[in-house]
> 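Would you mind keeping the following structure in view while I ask a few things?
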Amino acid sequence: MGFQALITQYALSYPGPFAVATLLISYAVYRFFAQPDPLLVLPCPPGANFFGGHVPIILNPSKSPSTHHKFVKEYGRNIRLQGVHPWDNRLLPLDPVSLAYICKNYAIYEKPWQSRRFMSNLIGSGLLVTEGHVYRRQRRVANPAFSPQNLRDLVPLVFNKGEDLKNRWKEMIAQQAAETGEKGLKLDVCHWMSRATFDVIGLLALDYQFNAIQNESNELFCAYKDMFETAVSQSGTILSMISIYFPLWDKIFPTERSRAVLQGQETINRVASQVIQEKKARIREGEEAGKIYAGKDLLSLMLKSNLAVDLPESQRLSDDDILHNVNTFMFAGSDTTSLALTWTLLLLAKHPSVQNKLRAELCAAPPPDVTNDDSVLAHYNELAALPWLSNVCRESLRLVPPVHSSLRVAAEDDVIPTSTPVMGKDGIARYNFSIRKGTFVYLPMEGMNLDKEMWGEDAWQFKPDRWDHLPEAVASLPGVYSNLSTFSAGPRACLGHRVSLIEIKTFLYVLITNFVFTESDEKVVRANVVLTRPYVSHKFKEGSRCPMIVTPYVPVESD
Ligand code: HEM
Ligand SMILES: *[C@@H]1O[C@H](CO)[C@@H](O)[C@H](O)[C@H]1NC(C)=O
Ligand SMILES: *[C@@H]1O[C@H](CO)[C@@H](O)[C@H](O)[C@H]1NC(C)=O
Ligand SMILES: *[C@@H]1O[C@H](CO)[C@@H](O)[C@H](O)[C@H]1NC(C)=O
């Protein structure tokens with residue numbers, strides 16, 4: 001996830017012993033052994049600090065849009081950035097042809113070992129972490145679980161969670177109205193979306209009820225949540241860097257935090273492993289009885305695809321692999337989706353006319369019979385076809401991609417194609433340039449989504465209308481969903497993007513037809529803490545929050 005960018009940035013930019021060591025070693029290599037870096041043909045904009053280079057200005061969402069814009073206008077679409085020291089050249093490709101090439105050739109452009117180790121220490125070696133044949137084996141087993149057909153069966157379950165959230169909020173609003181007479185309730189929408197999406201992903205991934213919308217006391221829920229929160233708050237600290245570079249450190253000098261992660265992992269191993277064993281038993285019983293077990297959660301589907309008769313023995317996953325991938329879905333699928341929903345609701349609060357138009361469209365769709373799964377599914381198919389809902393979702397995912405950027409490293413020397421000519425050292429312009437093994441490459445999700453030359457001068461504004469008349473240039477942008485970089489592109493793009501769209505559309509339906517969202521008196525700003533999260537301005541110490549006023553929606557009777 002955005003981890004690649006952040007972790008490696010900090011790992012290499014922290015002005016501590018690591019930076020100094022890398023500096024000295026690189027300088028020695030540079031002076032005595034290496035050929036000049038071929039990346040030197042690319043322009044390098046000013047603005048780099050001696051330590052940290054350009055990294056802080058391209059990763060900070062309050063600066064990155066204008067930074068990217070300036071780069072493209074003044075230096076072209078393939079930029080050489082300075083990493084942590086003057087000889088650490090990195091590539092920032094804002095060129096759709098180059099970026100598509102990099103995403104497609106995922107065997108050359110790997111995830112850096114620093115970020116992979118950080119994540120595998122946390123959730124094990126699942127799809128976010130592995131490379132090579134281990135990765136391909138995991139993806140082959142996981143893919144069928146994410147097919148559109150299988151995901152449709154998950155719709156009723158998502159809808160029911162939306163209903164739970166609606167009922168919970170209605171109770172809270174009624175209680176406040178009884179006590180104070182006030183109808184609008186101030187809620188931290190970010191926190192509630194997180195509870196709701198955790199509930200959904202628990203059911204989807206593991207067929208397990210966290211019931212976090214009701215209360216946050218479930219053991220497995222707390223284990224996952226504490227572990228992820230610890231990791232996020234720890235990212236970028238010098239201690240977390242030490243444990244990446246010296247894995248034994250944590251074992252010799254355990255801290256409160258490393259103990260918390262270990263304890264979480266123990267709970268997860270115990271509880272989730274038990275669920276996996278139970279599932280396997282039920283699938284086996286089903287086979288013996290000649291009836292296929294009907295579980296539709298990702299775990300059951302992965303277990304079934306792992307047992308498929310046409311899968312060679314060497315391609316099957318171990319129970320540990322399965323557990324690590326369940327952890328991966330929990331991690332990759334919870335905060336990302338809850339942030340996408342939170343930002344969408346905040347944008348709707350800031351743009352009441354867009355919210356009203358959406359409510360009118362959603363209220364016109366006949367409501368489903370919530371007790372009947374077929375009816376809920378038919379209803380979702382109607383939602384999926386609604387044009388304004390679709391415009392709103394795309395526009396919000398474009399404007400605030402929860403994964404701000406990612407990072408890769410070239411595993412071999414390569415030549416990258418471009419859409420505009422690059423002037424070579426020999427004075428000849430070519431539609432390609434060379435990159436050396438070991439060079440870091442950024443994947444700029446937000447950078448592509450907000451590009452004014454592609455999307456138009458109004459690219460930084462929230463305008464769901466734009467999707468009815470997109471500029472032609474947009475068609476060339478790489479991305480698995482609507483030419484957006486939000487879910488990345490190529491074979492290693494987000495496996496769960498259809499899952500998150502089902503969640504976003506279903507939740508928007510339930511929430512917008514029942515409540516009105518308005519901004520509170522607290523100003524919300526963006527910050528990149530592993531993901532792009534909301535914070536109350538000048539109150540960063542209070543952690544990620546997104547307060548909004550939620551009021552019940554009362555339809556106006558018309559005759
Ligand atoms: C709005 C919500 C989401 C966003 C913005 C998002 C974004 C992304 C991005 C940008 C990547 C590529 C990361 C990289 O290359 O460094 C990714 C990978 C991935 N995502 Fe998502 N994601 C979302 C929801 C989900 C959900 C709901 C799931 C699972 C149920 C999921 C599972 C995964 C997995 C397994 C990968 C790794 C794929 C691979 O390497 O083959 N994501 N996601
Ligand atoms: C949490 O909710 C569950 C189920 O709704 C209930 O059994 C349990 O007692 C609740 N725990 C707390 C601490 O409220
Ligand atoms: C790079 O461009 C040059 C000049 O256009 C061309 O001769 C060469 O084959 C290209 N290299 C690759 C690997 O595409
Ligand atoms: C990108 O845009 C083109 C033109 O609108 C469209 O045909 C194509 O399907 C889009 N790609 C994706 C992944 O949506």
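Since this is a predicted model, take the numbers as computed values, not measurements. In listed order, ligands and their atoms are each counted from 1.
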> Nearest 0.5 Å please: distance from the SG atom of Cys393 over to the CG atom of Leu389.
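Rounded to the nearest 0.5 Å, the SG-CG separation comes out at 4.5 Å.
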> Within a distance under 4.0 Å of any heavy atom of Ala475, pick out the atoms of ligand 4 and give their elements.
1 (C), 2 (O), 3 (C), 4 (C)
> Measure from atom 41 (O) of ligand 1 to every heavy atom in Phe331, Trp343, Tyr135 and give the option owning the shortest one.
Tyr135
> In terms of atom number and element, which parts of ligand 1 are under 4.0 angstrom from non-hydrogen atoms of Thr486?
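Listed by number with element, the hits are 5 (C), 7 (C), 10 (C).
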> List the steps, then state whether side-chain contact (heavy atoms from CB on, under 4.5 Å) holds for Thr486 with Val480.
CA-CA 9 Å; Thr486 307; Val480 278; over 6 Å; no
> Determine, using ring centers only, whether Phe210 and Tyr208 are less than 6.0 Å apart.
yes
> With no hydrogens and no angle check, is any side-chain donor or acceptor of Ser318 less than 3.5 Å from a backbone partner on Asp321?
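Yes, Ser318 side chain to Asp321 backbone: donor-acceptor pair under 3.5 Å.
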> Can you tell me if Leu339 contacts ligand 1 (heavy atom of the residue under 4.0 Å from the ligand)?
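So Leu339 does not count as touching ligand 1.
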> Got a salt bridge between Lys279 and Asp297, using NZ or NE/NH1/NH2 to carboxylate O under 4.0 Å?
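Answer for the salt bridge query: yes.
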> Under a 4.0 Å heavy-atom limit, does Ala340 contact ligand 1 with its side chain, its backbone, both, or neither?
side chain
> Should Tyr481 be counted as touching ligand 4, given the test is an N or O pair under 3.5 Å?
no
> Which is closest to atom 27 (C) of ligand 1 in terms of heavy atoms, Gly126, Gly333, Cys393, Pro402?
Gly333
> With heavy-atom distances below 4.0 Å as the criterion, list the atoms of ligand 4 near Gly479.
13 (C)
> Does anything in residues 490-508 form a side chain to side chain donor-acceptor pair (under 3.5 Å)? List the pairs, not counting sequence neighbours.
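As it turns out, the side chain to side chain donor-acceptor pair (under 3.5 Å) pairs with a partner in residues 490-508, which skip direct neighbours, are Glu131-Arg492.
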> Heavy-atom contacts with Leu127 under 4.0 Å: which atoms of ligand 1 show up? List them by number with element.
39 (C), 40 (O)
> Exactly which residues line ligand 3, taking a heavy atom under 4.0 Å from it as the test?
Val415, Arg430, Asn432
> Cation-pi between Arg195 and Trp192: NZ/CZ under 6.0 Å from ring centre and within 45° of the ring axis?
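Because its charged atom sits under 6.0 Å from the ring centre and within 45° of the axis, Arg195 does stack over Trp192.
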> Got more than 12 heavy atoms from elsewhere within 6.0 Å of NZ, Lys452?
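Above 12, so yes.
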> Would you confirm whether Ser305, through its side chain, and Pro144, through its main-chain N or O, come within 3.5 Å as a donor-acceptor pair?
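Pair absent, no side-chain N/O of Ser305 close to backbone of Pro144.
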> Polar-atom distance check: Arg408 versus ligand 1, any N or O pair below 3.5 Å?
yes
> Which part of Leu204 is near ligand 1, with near meaning a heavy atom under 4.0 Å away: side chain, backbone, both or neither?
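Neither part.
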> In ligand 1, which numbered atoms sit nearer than 4.0 Å to a non-hydrogen atom of Leu128?
36 (C), 37 (C)
> Under 4.0 angstrom from ligand 1, any heavy atom of His497?
no
> Which part of Ser482 is near ligand 4, with near meaning a heavy atom under 4.0 Å away: side chain, backbone, both or neither?
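Just the backbone.
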> As a quick check of understanding, evaluate side-chain contact (heavy atoms from CB on, under 4.5 Å) for Ser405 and Leu59, giving each step before the final call.
CA-CA 8 Å; Ser405 58; Leu59 288 189; 3.2 Å; yes
> Taking Arg80 as the fixed residue, which of Leu91, Asp37, Leu40 is the one that meets the side-chain contact (heavy atoms from CB on, under 4.5 Å) rule?
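Answer to the side-chain contact (heavy atoms from CB on, under 4.5 Å) test with Arg80 among Leu91, Asp37, Leu40: Leu40.
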> For Arg492 and ligand 1, does the shortest N/O to N/O distance drop below 3.5 Å?
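Yes, there is a polar N/O contact under 3.5 Å.
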> Consider ligand 1: state whether an atom of it lies below 4.0 angstrom from any non-hydrogen atom of Ala493.
yes
> Would you say Glu163's side chain and Val510's backbone share a donor-acceptor pair under 3.5 angstrom?
no
> Is it true that atom NE2 of His469 has more than 12 heavy atoms of other residues, nucleotides or ligands lying nearer than 6.0 Å?
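Count over threshold, so yes.
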> May I ask you to check whether Arg139 has an N/O atom sitting below 3.5 Å from an N/O atom of ligand 1?
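Indeed, backbone or side chain, Arg139 has an N or O that close.
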> Are the side chain of Glu446 and the backbone N or O of His404 linked by a donor-acceptor pair below 3.5 Å?
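Side chain of Glu446 to backbone of His404, a donor-acceptor pair under 3.5 Å: no, none is there.
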> Parallel under 30°, tilted from 30 to 60°, perpendicular over 60°: which one fits the rings of Tyr481 and Phe487?
perpendicular
> Relative to atom 14 (C) of ligand 1, which among Pro491, Ser406, Ser334, Cys103 owns the nearest non-hydrogen atom?
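Among Pro491, Ser406, Ser334, Cys103, the closest heavy atom to atom 14 (C) of ligand 1 comes from Ser406.
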> I need the atoms of ligand 1 closer than 4.0 Å to a non-hydrogen atom of Ile201, numbered in the order shown.
30 (C)
